[in-house]
Undergrad: 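Sharing a structure below in structure tokens format, with a few things to ask.
Positions are given from 1 along the sequence. Counting starts at 1 for both ligands and their atoms, in listed order. Atom set for the values below is all heavy atoms of this structure, side chains included, hydrogens, waters and symmetry mates excluded.
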Amino acid sequence: MEKKIFSDVGEKEVTRAIVEGFAKTFNEYVESDVIIIGGGPSGLMAGRELASSGFKTLIVERNNYLGGGFWIGGYLMNKVTVRAPGQEVLDELGVPYEEVIEGLYMTDGPHACSRLIASACDAGVKIINMTKFDDIVIREGNRVSGVVINWTPVSALPREITCVDPVALESKMVVDATGHDASVVSKLEERGLIKTKGYGAMWVEKSEDLVVEYTGEVHPGLVVMGMAVSTLYGLPRMGPTFGAMLLSGKKGAEVIKEKMAVVSK
Ligand code: 48H
């Protein structure tokens, strides 16, 4: 008898495992505590903090990978920087780094990014990739109460076959962590509920403090974090340094925890 290395499991079992596994998680997270749009550094950081505090947290990401701009640093070079105290988050994640000068630290993008992703997954965040935020769910008092999503490839279909209706997910809080696009906030703006200013010119020394300071709830049920904060408030940009993205994610999670404590009372 031929000796085989692998089990006799065939195609149908593999397909069923995928379909049933996906459906189970999707069904469960149709109603979440927190839905985070965007799986870049700020969204992943917030997801990690929320899931580790026991909140049912879902990240919706339009790409087939997570990490946003955190994989590579500036100008397509694989080094990312953080300004103090951003290195404390790297310590927390177990990412090795070097001190370049006092207050400036450098690490390898892939190492930092993969550790952050793994840490969010370890904390229990669920993720749906290749899924694009399309619209918001609005309820009484204009409260953001969920998101409307569609498969990313739908937006790439030829015009004549684009009539694919999206579906909606409900949540107690929604997060805009979509980076420069501030996609969720933009939907509120389309409906005249908010005004975005567009991010300002680069000024590293000012921008990072401001992003963290302005991170918070901008509309009932909607928290904004990361680069989307700069876009909303017209704050200066900071280039390839990521401390503010990580700390903004942490602060956003704290804001949500406080709000959720009030909601559940
Ligand atoms: C689903 C979406 C949608 C959508 C976008 O760009 P990111 O890395 O965002 P942040 O804010 O966590 O980090 C910003 C940082 O990477 C950066 O670019 C910096 C610091 N720039 C400074 C400067 O001066 O320019 O990640 C956002 C994620 C991405 O993965 C997108 O694919 C995703 O959100 N996303 N997902 N539906 N409509 N829009």
Undergrad: Indicate whether any N or O donor in one side chain lies under 3.5 Å from an N or O acceptor in the other, for S32 and S171.
TA: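 No pair is found: no donor N or O on one side chain lies under 3.5 Å from an acceptor on the other.
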Undergrad: For the pair E254 and K259, evaluate salt bridge (Lys or Arg N to Asp or Glu O under 4.0 Å) and give the outcome as yes or no after the intermediate values.
TA: CA-CA 9 Å; E254 285 311 311; K259 299 276 168 197; over 6 Å; no
Undergrad: Are there any protein N or O atoms under 3.5 Å from the N or O atoms of ligand 1? List them with distances, or say none.
TA:
unit_1: ligand 1; atom_1: 8 (O); unit_2: G69; atom_2: N; d: 2.8
unit_1: ligand 1; atom_1: 11 (O); unit_2: M227; atom_2: N; d: 2.8
unit_1: ligand 1; atom_1: 12 (O); unit_2: P41; atom_2: N; d: 3.4
unit_1: ligand 1; atom_1: 12 (O); unit_2: S42; atom_2: N; d: 3.0
unit_1: ligand 1; atom_1: 12 (O); unit_2: S42; atom_2: OG; d: 2.8
unit_1: ligand 1; atom_1: 24 (O); unit_2: R237; atom_2: NE; d: 2.7
unit_1: ligand 1; atom_1: 24 (O); unit_2: R237; atom_2: NH2; d: 3.4
unit_1: ligand 1; atom_1: 24 (O); unit_2: M238; atom_2: N; d: 3.4
unit_1: ligand 1; atom_1: 24 (O); unit_2: G239; atom_2: N; d: 2.8
unit_1: ligand 1; atom_1: 25 (O); unit_2: H180; atom_2: NE2; d: 2.8
unit_1: ligand 1; atom_1: 25 (O); unit_2: R237; atom_2: NE; d: 3.4
unit_1: ligand 1; atom_1: 25 (O); unit_2: R237; atom_2: NH2; d: 2.7
unit_1: ligand 1; atom_1: 30 (O); unit_2: E61; atom_2: OE1; d: 2.6
unit_1: ligand 1; atom_1: 30 (O); unit_2: E61; atom_2: OE2; d: 3.1
unit_1: ligand 1; atom_1: 32 (O); unit_2: E61; atom_2: OE2; d: 2.7
unit_1: ligand 1; atom_1: 32 (O); unit_2: R62; atom_2: NE; d: 3.0
unit_1: ligand 1; atom_1: 32 (O); unit_2: N63; atom_2: ND2; d: 3.3
unit_1: ligand 1; atom_1: 36 (N); unit_2: R62; atom_2: N; d: 3.2
unit_1: ligand 1; atom_1: 37 (N); unit_2: F133; atom_2: N; d: 2.9
unit_1: ligand 1; atom_1: 39 (N); unit_2: R62; atom_2: NH1; d: 3.4
unit_1: ligand 1; atom_1: 39 (N); unit_2: S183; atom_2: OG; d: 3.4

Undergrad: Are T107 and K79 close enough that a side-chain donor and a side-chain acceptor fall under 3.5 Å?
TA: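 Side-chain D/A pair, T107 to K79: absent.
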Undergrad: Could you report the tightest heavy-atom contact between L66 and C113, atom names first, then the distance?
TA: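 Distance-wise, the nearest heavy atoms are O-SG, 4.5 Å.
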Undergrad: Are more than 12 heavy atoms, taken from residues, nucleotides or ligands other than Y97, located less than 6.0 Å from that residue's OH atom?
TA: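 Yes, enclosed.
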Undergrad: What residues form a salt bridge (charged side-chain N to carboxylate O under 4.0 Å, His left out) with E170, not counting sequence neighbours?
TA: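 Salt bridge (charged side-chain N to carboxylate O under 4.0 Å, His left out) list for E170, sorted by chain: R139.
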